[in-house]
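In what follows, a single structure is set out as structure tokens and then discussed.
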Amino acid sequence: MSGPKCDIGVIGLGNMGRNLALNLADKGFKVAVYNRSPDKTEQFMSREAGERDISPARGPEELAELLARPRAALLMVSAGKAVDAVIEDLAPLLDQDDLIIDGGNSHFSDTERRAGELEKLGLNFLGMGISGGEEGARLGPSLMPGGQRAAYERVAPLLAKAAAQVDGEPCVAYLGRGSAGHYVKMVHNGIEYAFMQLIAESYDLLHRGLGLEPPELNALYHEWNQGELGGYLMEITAEIFKVKDPDTGAYLVDMIRDRAKQKGTGKWTTDDALELQSPTPAIDSAVMMRNLSTQGGLRSGLHQALGSATALDLAPAVFAPLLKDALYAGLILAFSQGLSLLARASEHYGYGLDLEQVCRIWRGGCIIRARLLERLRRAYGDRPGLESLLLDPELGPEVMARAQGLRAVVAAAAAAGLPAPGLMASLGYLDAMRSGRLPFNLVQAQRDFFGGHTFERVDRDGVFHHLWQE
Ligand code: 6PG
């Protein structure tokens with residue numbers, strides 16, 4: 001190749017890789033692209049790349065040759081074995097201080113391992129969560145990088161230009177050592193699952209419980225999206241209720257099977273939250289409900305055998321404001337659970353996370369971007385060590401003011417037999433976390449009774465055992 005070398009190489013031309021390459025080129029960077037199967041590269045170059053400053057590479061050697069030194073290569077391949085395979089091909093072709101960035105949804109433990117392996121080879125490595133789907137990648141995603149700080153600083157100007165911008169600030173920040181970036185992205189997805197579940201439950205209550213149809217649902221979610229509930233997931237929910245199926249003319253949402261797939265990041269969040277003993281019941285119930293949704297045959301059988309829900313015994317005009325409050329309380333509680341997990345993980349894995357920065361970079365580009373995040377950012381900005389968002393002098397009372405709505409919605413759902421495990425888990429979390437005393441004195445007594453596991457006393461220090469029966 002003649003002329004100056006490329007600023008960055010994008011490896012993997014799937015939807016995310018292609019759009020990021022275009023985004024980077026549009027921001028004025030010279031981009032090299034490489035895909036394992038050359039057809040994709042050729043197609044990309046002839047169709048989408050256009051006149052942009054993008055250079056195709058036919059193999060990893062050619063890619064290494066195209067990159068300015070120290071090199072920076074951004075991997076946009078599926079999480080798992082493909083990442084290891086690309087690193088295996090690429091690492092021998094790189095020099096000391098070159099940088100590999102993994103922009104996929106890798107499990108944080110894989111990122112931790114890869115960071116160690118590459119460090120031994122003298123190479124830099126960043127694990128970077130990228131959120132925003134194809135549109136985010138193309139126009140500006142939220143970027144969550146972690147790894148060596150010096151390596152981040154080197155690509156920071158490039159990442160800042162590629163990222164979404166909110167109030168003149170790019171939605172990217174150095175998050176911490178090792179796997180910090182992928183950990184934050186994992187929890188982002190956990191919160192994404194939780195809020196999607198809460199919205200899905202609200203839809204079920206309105207549609208199955210009250211008989212609202214897509215046009216009315218579109219109007220309601222659209223209205224909610226204008227206020228404190230505003231955010232990307234509310235916005236697309238409103239949009240979905242407008243779309244008709246080109247084949248049948250029915251509303252498309254009504255033509256979609258009620259079984260949700262998942263790539264695993266929600267479950268990973270739940271797994272690690274359990275490991276670190278940081279409660280995330282709204283996220284856990286979202287993962288559980290996606291699993292339950294796949295048991296369609298059994299659900300139909302049980303519906304035939306046992307019957308299911310009745311209609312809600314409330315007028316839409318009475319129920320809708322309660323549901324709005326329930327969703328808002330649920331949104332704060334979902335963020336509260338996710339951010340508390342991040343605080344715990346930061347301590348456990350030594351990430352040194354700054355939760356104000358995390359909330360700041362989630363304000364734009366990503367799937368969970370929401371109006372609320374500006375306030376969450378301020379909450380952590382004002383009190384950096386905040387143990388729970390519910391201790392914030394504004395947010396805690398706000399949740400309590402909305403809790404009446406949440407309670408009423410949960411009660412109505414339970415009375416009608418409409419499943420609302422996400423809303424119920426959110427309320428249970430709020431009530432349990434506010435309980436100065438929970439019944440675990442009894443659990444300790446039982447453990448000591450059957451297993452001699454000992455207990456602590458309220459009136460003196462130490463560990464005690466009682467002979468409960470003669
Ligand atoms: C994002 C998303 C994205 C994720 C999809 C699908 O932030 O852009 O989180 O990374 O892959 O939302 O996730 P599931 O298949 O697990 O639902």
Side-chain angles (χ1 to χ4, degrees), residues 12 14-20 23 74-80 82-83 101-108 110-111 127-146 159 162-164 166 171-173 175 179 181-200 231-237 239-240 256-273 280 282-294 334-335 338-339 341-342 358-370 373 422:
N15 291 338
M16 293 296 283
R18 284 200 316 274
N19 283 303
L20 266 171
N23 175 359
L74 172 60
L75 268 54
M76 295 304 302
V77 299
S78 304
V83 178
I101 307 170
D102 174 14
N105 270 335
S106 292
H107 192 277
F108 72 95
D110 284 336
T111 302
M128 181 166 78
I130 302 183
S131 177
E134 286 170 42
E135 191 189 296
R138 179 70 186 86
L139 302 174
S142 172
L143 299 175
M144 297 159 240
L159 299 181
V166 175
C171 291
V172 60
L175 293 177
S179 54
H182 276 143
Y183 199 96
V184 169
K185 175 59 174 33
M186 177 185 81
V187 174
H188 164 286
N189 281 30
I191 297 169
E192 171 185 307
Y193 272 55
F195 198 44
M196 286 169 75
Q197 175 64 27
L198 295 178
I199 296 175
Y232 178 71
L233 285 169
M234 288 302 279
E235 182 190 323
I236 64 166
T237 302
E239 284 300 303
I240 284 166
I256 300 178
R257 284 173 80 171
D258 63 340
R259 293 165 204 197
K261 299 200 169 148
Q262 51 186 314
K263 292 201 188 108
T265 42
K267 176 184 173 290
W268 295 348
T269 310
T270 284
D271 284 346
D272 209 55
T280 53
I283 299 171
D284 310 343
S285 67
V287 175
M288 178 273 287
M289 284 304 282
R290 284 208 198 182
N291 295 342
L292 192 151
S293 81
T294 63
F335 272 113
L339 288 159
L341 170 60
L342 283 181
V358 171
C359 293
R360 182 183 73 72
I361 66 173
W362 283 352
R363 290 177 312 154
C366 66
I367 305 294
I368 61 172
R369 64 184 184 259
L373 274 158

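Numbering of ligands and ligand atoms starts at 1, following listing order. Only a predicted model underlies this, so the values are computations on that prediction, with no experimental measurement involved.
- The side-chain hydrogen bond (donor to acceptor under 3.5 Å, both in side chains) search around Ser142 returns none, not counting sequence neighbours.
- With hydrogens and angles disregarded, a donor-acceptor distance shorter than 3.5 Å links the side chain of Arg360 to the backbone of Val172.
- Side-chain N/O atoms of Asn291 and Gln262 include a donor and acceptor closer than 3.5 Å.
- Taking Arg363 as the reference, Glu169, Glu374 meet the side-chain hydrogen bond (donor to acceptor under 3.5 Å, both in side chains) condition, with sequence neighbours excluded.
- Ring planes of Tyr183 and Phe108: perpendicular class, angle over 60° (limits at 30 and 60°).
- Applying the salt bridge (Lys or Arg N to Asp or Glu O under 4.0 Å) criterion to Arg18, with sequence neighbours excluded, gives Glu48.
- Protein neighbours of ligand 1 below 4.0 Å, counting non-hydrogen atoms: Asn105, Ser131, Gly132, Gly133, Lys185, His188, Asn189, Glu192, Tyr193, Gln262, Lys263, Gly264, Thr265, Arg290, Ile367.
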